[in-house]
Amino acid sequence: MRIEKAGVAVGAIVEHVDVTSLSDQEFADIRRAFLDHGTLFFRDQKLTPEDHIAFAKRWGAIDLNRFFKRREGYPEIAEVLKEPDQQLNIGGGWHTDHSYDQAPAMGSILYALEIPPSGGDTLFAGMAAAYDALDDGMKDRIKDLKARHGNAHVFGEESAYRKAIGDRYTNADQAGQTAIHPVVLAHPETGVKGLYVNPGFTLEIVDMDPDEGQALLQQLYDHIMQDRFHYRHQWREGDLAMWDNRSTWHYALNDYHGHRRYLNRITIEGVALA
Ligand code: SIN
């Protein structure tokens, strides 16, 4: 097995390993690399849905996604699909999964089944590197702040995005969760500090004037959106990506109209964030 850093701020490529037959030592090395790099990309995997589920269960309990259409016969697997005649993709903006939950998902494991001939890359951003690069004044300003996250504007009945994306999202009536988390998160496993707000689901800074709060969020987003904190993954069929929702953002680019892109995602439960 070879694990090599992919981006300066986030990501590592894992090669020469089959995730269906990892030894305990290999799994421990992979877990360490996951915490160190925030996102891992396993090349050349040949997974059945059962293999994907078995690998996911090594990390923890599976979070049954409420809103994504599930793969038939496999409720654990959420479909990330765009057909050639569809315009909108899933995850086509910077976000981190499930930040609207009280105990946000620990990570997501995405397996590439069909990839367009070109395009369809995913961007990842490293929240610890972005936090480290803030100046001391900003670190001091945000150190005790909390933010409210929510999902109705994405998955709810009134969401224009959900209406436009059609039956790839389900259970609009179950949307509406909100949760409050620290803006600066000490990672629950490593203690490393990172930014924990995202444009997809963060609604407001708690106990701050709304305009001031939105301006602060935008300032943080503009900072994180600098290329120096990103890694761009160019997918190959058989790639398996696994990201840590507590320390990364991701963004699925939508630049492959007229082609099919189909991936399967399993999400792992996490813990409440303090
Ligand atoms: C997602 O946000 O889970 C989708 C990522 C991707 O399709 O690359």
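In listed order, ligands and their atoms are each counted from 1. Note that the coordinates shown come from a computational prediction; the quantities given were computed from them, not determined experimentally.
With ring centers used as reference points, His149 lies under 6.0 Å from Tyr196. Aromatic ring centroids of Trp235 and Tyr111 lie 6.0 Å or more apart. Checked against the 6.0 Å centroid criterion, the rings of Tyr221 and Trp249 qualify as a close aromatic pair.
Taking a cutoff of 4.0 Å between a charged side-chain nitrogen and a carboxylate oxygen, Arg260 and Glu79 do not qualify as a salt bridge. Salt bridge annotation for Glu157-Lys163: absent, with no cationic side-chain nitrogen under 4.0 angstrom from a carboxylate oxygen.
Those atoms of ligand 1 with a heavy atom of Thr122 less than 4.0 angstrom away are 6 (C), 8 (O). The His250 neighbourhood of ligand 1 comprises atoms 1 (C), 2 (O), 3 (O), with distances under 4.0 Å to a heavy atom of that residue. Atoms of ligand 1 found under 4.0 Å from any heavy atom of Gly91, numbered from 1 in the order shown, are 2 (O). Ligand 1 places these atoms under 4.0 Å from at least one heavy atom of Leu110: 5 (C), 6 (C), 8 (O). Proximity to Ala252 (heavy-atom distance under 4.0 Å) selects the following atoms of ligand 1: 5 (C), 6 (C), 7 (O), 8 (O).
Residue contacts with ligand 1, taken as heavy atom pairs separated by less than 4.0 Å, do not involve Asn89 at all. Heavy atoms of Trp243 found under 4.0 angstrom from ligand 1 belong exclusively to the side chain.
Note that CG of Asp63 and CZ of Arg265 are 8.5 Å apart. Values are rounded to the nearest 0.5 Å.
Residues Asp244 and His187 have side chains that bring a donor and an acceptor to within less than 3.5 angstrom of each other.
For the pair His233 and ligand 1, no heavy-atom separation below 4.0 Å is found.
In terms of protein heavy-atom proximity, atom 7 (O) of ligand 1 is closest to Arg261 NH1, 2.7 Å. With hydrogens left out, the protein atom closest to atom 3 (O) of ligand 1 is Arg265 NH1, 2.7 Å, a heavy atom.
For the side-chain hydrogen bond (donor to acceptor under 3.5 Å, both in side chains) criterion with Trp243, the lone passing option out of Asp97, Thr122, Thr96, Thr248 is Asp97.
Residue-to-ligand polar distances place His95 within reach of ligand 1: an N/O pair is separated by less than 3.5 Å.
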